[in-house]
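Side chains are part of it too, since the values below use all heavy atoms of this structure and drop only hydrogens, waters and symmetry mates.
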Amino acid sequence: MSNKIEGPYNPKEIEEKIYKIWEDSGSFKPQGTNETYSIVIPPPNITGSLHMGHALNASVQDILIRKKRMEGRKTLWLPGTDHAGIATQNAVEKNLIKKEGKTRHDLGREKFVEKIWEWKEKYGNEILNQFKKLGCSCDWSRSRFTMDKEYQKWVQKAFLHYYKKGWIYQGEKTINWCPKCQTSLSDLELEYKEEKTKLWFIKYPISGNSKSKTLNSKQIQNSKFKIQNSDYIIVATTRPETMLGDTAVAVNPKDERYKKLIGKEVFLPIVNKKIPVIADRGVDSQFGTGAMKVTPAHDLHDFEIGEKHNLEKKQVIGPDGRMTKLAGKYAGMKIKEAREKIVEDMKKIGILEKIEPYKHNLSVCYRCGAATEPILSKQWFLKMKELAKKAAKAVKSGKVVFHPKKWEKNYLNWLKPEKDEPKDWCISRQLWWGHQLPIFYCDKKQKEFSISNFQFPNKSQIKNSKNKNDPENLEIRNSDLEIYVGDNPPENYIQVSDVLDTWFSSALWPFATMNEKDLKEFYPTNTLSTARDIINLWVARMVFSGLEFTGHEPFKDVIIHPTILTKEGKRMSKSLGTGIDPMKYVEQYGADATRFGLIWQIMGSQDIHWAEEHVIAGKKFCNKLWNIARFVLTQNENFQPIFPATRDLAQRDNFQSIFNDKISNEDEKILEQMKKLVQSTNQNIESFKFGQALRDLYEFIWHEFADKYIEYSKTKDDEETKRVLAYILTTCLKLLHPFMPHITEEIWSKLPMKDKKLLIVTKYPQD
RNA sequence: GCGCGUGUAACUCAGUGGUUAGAGUACUGUCUUCACAUGGCAGGAGCCGCUGGUUCGAAUCCAGCCACGCGCACCA
C-alpha cells in the first residue's frame, strides 16, 4: 500500500478496500470487556432494495455504533431481515405471474412457499449488501431472519404464552379485509385516500304508521306507489349496496325528531323485511338525516352497535368482493355493479330521496392500495388492554424516551388503554407466507369437518398437556376433535392454515434475535432508530412484547428520524416513480459523500426535502480533507503527533507544556477551537443532533483549519506548527470517522505512526 | 372536526429577543501561486408568508389570517 496521498480523492478504489479491511479485522464483532452498547437494525423486508429512508437510518445507527466502539464499549449492531408476510407474498406471486403466467393457486401452498424461500435465498440479503456498501459496521455473523428456526420458537412461545393467559381468542367480528390480497388486516395496516363519492338518501317506510299500515311488499315494489312524507324515515349512506345487509336503523336517543319512532319498525325496501329502529348514542344527529342504517357485517362502527343491541349480522358481501347469496338477485355481482343496480331499482320504486356529492376517506390496503372491505369474519385476536397499559407506562415513566419527544404523543395517542384503545389486535392473516398459528387439531372420528365452522375453545376449556415430555403446551382431548396448542404437535394433527400478522413476529425482534448469552450481554438494547410511520405498528408492539417476555423494555432511546420526501415535498414511492435509489449516489459520489449528504440534512425533526447538492458538497468535502491530509503529511516527514486530552488543553499553561512555549496566538486559537469542537461533537451525537455535529465539523475543518490555520502555517517553518497541524488533523479524522468512515480510515492508514490501530477502534476524542 | 409541523436568498436549509440575517448548491467576476480548479479570493442576491400586538429593540414572543404538509377522528 502506498503511503502517499495522491489526488484527487477517488472513493471507488478506496471504499471497498477499506470495508474489507474492517471485516477481516473482526472489528464489527463485539470486542473487549467494557460496558456494552447495542442496537438491533430495523429489519428490512426481503422484497426490498435500499431506499433513502433506509440509507438515512443506517447512517444514523452507524454513527452511534462507531462512536461507541471508538469509546471502547463492547458494541453490537445486529442486522437481519423480515419475512414481511403480505409484501413478500405479493412480490413473489407477481413475479410468478410475470415469468410463468401462474398464480399461487396454480402451484398450491407448499410449492408456492418453496418459491418464496428460493426468493429469500436469492434476494433476501441484497439489501444488507447495500448496507455494506454504505459502510455499515454490523456484526454480519449475527444476521437474523424473522423465520429462522430459533426465531420461530420465540414466535410459538409468545403465542402460547398469550393463549395461556386467555389473551388470544378466536372471534367473529367485522374486520378490515383486503379483497385483492385476500386477507384480513389490522387497523394499523390501513391507509387513507380521499375519494369523491355520493351520499344517497334512502326512504325506509315506517311500519305501523297509520298511513303505511296498508303498505305491503308489493306496494313498495310498485313504482307507481307514492309514499307520503310522514310515512318513512330517511337514511343517508355512501354504501347503498350494503342496505341489503341492514338489520336496524339507529338514531340518537336525544334526537327529538325520531324519539317517537324508537322501538318501532321500518320496512327494508327491496329486501322486504322489517327491521327495528333503535337508539344509540354513537349516532351523530348532525350527520345526514340523523338516522343511520346499521349494517353490522360491513362496517366496523355498525358492528359495535350491532353487538350492543344484539342485531343480526347479515353478510351480503363476500371475501371475494362480490355479493353473496344473501344479496338475493344481486348475488354474484361485484360491489360497484350491485351498487348501480340497487340505486337504479331504488329510483324505480321511488324510495331514493336525493343524491348529494360527498367527499370522504377511503381506507385502502397498505400493501396493494386496493380499497379494503369491512366484512364479518372469524379471526384470531390478541387482547390489548393489559399490553397497551404496559407499553404506555414504559413511555410515561421515562423508561423509553422518544427523540424528538413529540412522537411520544403519537405513540400514547394510539395506546390509550383507559379508553379501551387500541382495539384487540387481529393477528391472523389468510396468507401462505408467514408463521402459521401453532394450533393443531385432529379429527378423531374422521367426520366431514369444516374448520371454518368450528369455534376454537378458549383457554378455560383447554388444559396443560398431559404429556410429560411436553408439559408446556396445551391440549384438549374430550371432544370429537382434539386440539393442541404449542410447538410439538402429536402426529397426524393438522395445523390451522392462517398465519400470524408479520408484526406479531417482528414485535419480538430485539430479543428473539439473540441467543441466551447475547441476551445477557446485549439486551435490553440501547437505542432504536426508525421511521415515524411504524411507531405504533412496530415500536409500541416491541415495547409491550419486550416487557411481557423479558421483563425489560427492549430499548431506552427511540430515535425517530425525519422522513425523506422529494424536493417537491411529495412522498417517495416506487409506484409513483418518485423514489430515488441511494446506491446511485454511492456509485456516483461515494458512500461517505452520500452519508454526508444525508446527515447534513437532518436538522431537528424537520422532514427532508431531498436535495442532491448536499451529496455533491460531501464529495467536495472528501476531496478537501484528502488534500488537507496530503499537505499536513508533506509538512511532517516525521509524523509525531501528540495526543493531549482536550481537558488538558483547557488551560493556556497546558498548551504551552504540551506544545512547548513557542506557541503562537494562531496556534492557541485553533487549539482552543479544536477543544470546543470535541466537546460539541460529543454533545451533539449524544443528543442525536447528527446534522449539527456534521456541520460544525465541516465548518471547522474547511474554514478554520484549512482556510486559516493551514494558510498561516505556510508562513512558519517550526516544529510547533507542524505538531499542531498533525494534532488537528488526527483529531479531526477521529471525530469525523463515524460520519465518513472510509476516507478517514484511508487517510489514517497513511499516517506514519508507530503502533497504530485501525481508526475504527482508535479512541474517540473526549472532553 | 381535533391535533402537530412548516413558511427565511433561485433551490435545500440554519439562525428563536440585541451590531450590517447565515451555510451548502446554483450564479457573477477574478486567479492556474509550489495541499486542493471537486480549489482560492471577491461579489450579487432576502418587505425572514400576511396583518396586528408586546418591547427601547421582533425573523425570533403573543394573537389572528393565508398557504402547504402530516397524524388522528369521521367516513351512516
Side-chain angles (χ1 to χ4, degrees), chain A residues 5-11 187 192-195 197 199-202 234-240 242-243 246 248-251 280 282-295 298-302 305 358-363 374 404 406-407 409-411 413-414 416 421 532-533 535-536 562-563 565-571 589-590 593 596-597 600-635 691-692 694-696 698-699 702-703 706-707 710-711 713-714 725 729:
Chain A
I5 290 182
E6 279 150 12
Y9 177 64
N10 184 354
D187 296 345
Y192 299 94
K193 211 169 73 184
E194 195 178 271
E195 186 197 38
T197 178
L199 205 50
W200 285 269
F201 290 76
I202 311 168
I234 300 174
V235 297
T237 181
T238 55
R239 301 284 313 268
T242 63
M243 65 90 72
D246 284 3
V249 167
V251 297
D280 192 282
V283 179
D284 177 3
S285 333
Q286 302 300 311
F287 187 90
T289 62
M292 137 189 188
K293 61 193 262 329
V294 185
T295 323
H298 296 291
D299 185 282
L300 274 64
H301 184 219
D302 291 12
I305 293 179
Y358 188 68
K359 245 195 301 193
H360 75 156
N361 288 323
L362 187 69
S363 22
K406 66 171 180 178
W407 295 113
K409 211 170 169 180
N410 177 301
Y411 173 98
N413 185 46
W414 178 65
K416 282 195 288 216
E421 280 178 298
R532 62 154 181 255
D533 36 321
I535 289 174
N536 298 323
T563 302
L565 306 170
T566 66
K567 208 158 192 165
E568 294 75 34
K570 295 266 189 284
R571 190 169 259 264
Y589 304 109
F596 179 99
W600 183 270
Q601 295 184 67
I602 307 182
M603 294 303 294
S605 57
Q606 284 278 68
D607 279 346
I608 294 168
H609 289 196
W610 177 252
E612 180 173 345
E613 52 260 34
H614 302 297
V615 178
I616 296 168
K619 184 173 160 69
K620 289 184 178 179
F621 184 48
C622 284
N623 197 54
K624 190 72 183 178
L625 189 65
W626 190 246
N627 282 296
I628 288 170
R630 171 168 33 216
F631 176 80
V632 174
L633 275 185
T634 55
Q635 298 301 301
Q692 191 60 56
L694 181 61
R695 285 173 190 224
D696 290 348
Y698 176 92
E699 168 68 22
W702 200 307
H703 299 300
D707 287 353
I710 286 181
E711 290 309 315
S713 77
K714 289 175 183 171
L725 281 172
L729 174 66

Quick one: which of A/Val235, A/Asp246, A/Thr289, A/Ile234 gives a side chain to side chain contact (heavy atoms under 4.5 Å, CB included) with A/Ile202?
A/Val235
Atom CD of A/Gln692 and atom P of B/rG15: how far apart are they, to the nearest Å?
7 Å
Which part of the nucleic acid does A/Val294 contact within heavy-atom distance under 4.0 Å: base, sugar-phosphate only, or nothing?
nothing
State the pairing partner of B/rA45; accept Watson-Crick or G-U wobble contacts with both distances under 3.5 Å, and report none otherwise.
none
Send over the distance from A/Tyr698 OH to B/rU38 C1', rounded to a whole Å.
11 Å
With both distances kept under 3.5 Å, what pairs with B/rG3, Watson-Crick or G-U wobble?
B/rC70
Side chain of A/Lys624 only, please: which of B/rU12, B/rA35, B/rC13 is the nearest?
B/rA35
Which value, in whole Å, describes the distance between the P atoms of nucleotides B/rA23 and B/rA35?
26 Å
Length of the line joining A/Ile710:CD1 and B/rA35:P, which is rounded to integer Å
10 Å
CD1-CD1 distance between A/Ile628 and A/Ile710, expressed to the nearest 0.5 angstrom:
5.0 Å
Looking only at the side chain of A/Ala617 (C-beta and beyond, no hydrogens), which of the listed nucleotides B/rC13, B/rC75, B/rU25 gets closest?
B/rU25
When all nucleic acid strands are considered with a 4.0 Å heavy-atom cut-off, which category describes A/Asp302: base, sugar-phosphate, or nothing?
nothing
If you only use heavy atoms from C-beta on, which nucleotide in B/rC36, B/rU12, B/rU38 is closest to the side chain of A/Pro8?
B/rU38
Relative to each other, are the rings of A/Tyr698 and A/Trp600 parallel, tilted or perpendicular (30° and 60° limits)?
perpendicular
Audit row: A/Tyr589, A/Phe596, ring pair (Phe, Tyr, Trp, His ring centres under 6.0 Å) steps and yes/no
CA-CA 11 Å; A/Tyr589 304 109; A/Phe596 179 99; over 10 Å; no
Looking at B/rU38, B/rC70, B/rA73, which one has an atom nearest to any side-chain atom of A/Tyr192?
B/rA73
Taking all heavy atoms of A/Lys293 and all of A/Asp302, pick out the closest pair and write down the distance.
O-OD2, 3.4 Å
Which of the following nucleotides, B/rA14, B/rC36, B/rU38, is nearest to the side chain of A/Lys619?
B/rU38
Between B/rA45 and B/rU6, how far apart are the two C1' atoms, rounded to whole Å?
24 Å
Identity of whatever pairs with B/rU51 - Watson-Crick or G-U, under 3.5 angstrom
B/rA63
How long is the line joining NZ of A/Lys714 and C1' of B/rA35, in whole Å?
6 Å
Base-pairing assignment for B/rG39 (Watson-Crick or G-U wobble, both under 3.5 Å)
B/rC31
Report yes if at least one side-chain N or O of A/Trp702 is closer than 4.0 Å to OP1 or OP2 of B/rG40; otherwise report no.
yes
Would you state whether a donor and an acceptor, one from the side chain of A/Lys406 and one from the base of B/rC4, lie under 3.5 Å apart?
no
Is any side-chain heavy atom of A/Ile305 closer than 4.5 Å to a side-chain heavy atom of A/His301?
yes
Looking only at B/rA14, B/rU38, B/rG24, the nucleotide nearest the A/Glu613 side chain is B/rG24
Taking only the P atom of each, what is the distance from B/rC65 to B/rG29 in whole angstrom?
48 Å
Nucleotide nearest A/Lys409 (side chain, heavy atoms from C-beta), chosen from B/rU38, B/rG3, B/rA35
B/rG3
Rounding to the closest angstrom, what is the interatomic distance between B/rG22 and B/rG64 at atom C1'?
30 Å
At 4.0 Å (heavy atoms only), tell me whether A/His703 reaches a base, stays on the sugar-phosphate, or touches nothing.
sugar-phosphate
Using a heavy-atom cut-off of under 4.0 Å over every strand shown, decide if A/Leu565 touches base, sugar-phosphate, or nothing.
nothing
So, does A/Lys416 get its side chain near the phosphate of B/rC72, meaning an N or O under 4.0 Å from OP1 or OP2?
no
Under 4.0 Å between any heavy atoms, over every strand shown, what does A/Ala250 touch: base, sugar-phosphate, or nothing? Just pick one.
nothing
Are any of the side-chain heavy atoms of A/Asp707 and A/His703 separated by less than 4.5 Å?
yes
Under 3.5 Å for both donor-acceptor distances, Watson-Crick or wobble: does B/rC13 have a partner, and if so which one?
B/rG22
Of A/Thr634 and A/His614, the one whose nearest nucleotide on RNA chain B sits closer to the 5' end is A/His614
A/His609 side-chain N/O to B/rC13 phosphate OP1/OP2 under 4.0 Å:
yes
Return the value, rounded to whole Å, for the distance between atom CG of A/Asp533 and atom C1' of B/rC72.
15 Å
Measuring only the C1' atom in each nucleotide, how far is B/rA9 from B/rC48? A whole number of Å is fine.
10 Å
Rounding to the closest angstrom, what is the interatomic distance between B/rC4 and B/rG46 at atom C1'?
29 Å
Could you tell me the separation between the CD1 atom of A/Ile616 and the P atom of B/rA26, rounded to a whole number of Å?
7 Å
Between B/rC13 (P) and A/Trp600 (CH2): distance, integer Å
14 Å
Is there side-chain contact between A/Thr295 and A/Arg239, with heavy atoms separated by less than 4.5 Å?
no
Spacing of A/Ile608 atom CD1 relative to B/rC11 atom P, expressed in whole Å
19 Å
Looking at A/Glu711 and B/rA35, is any side-chain donor or acceptor paired with a base atom of the opposite kind under 3.5 Å?
yes
Considering only the C1' atoms, how many Å lie between B/rA58 and B/rG17, rounded to the nearest integer?
7 Å
Check if the side chain of A/Lys620 and the base of B/rA37 share a donor-acceptor pair of N or O atoms closer than 3.5 Å.
no
With rounding to the closest Å, how many angstrom separate the C1' atoms on B/rC34 and B/rG15?
40 Å
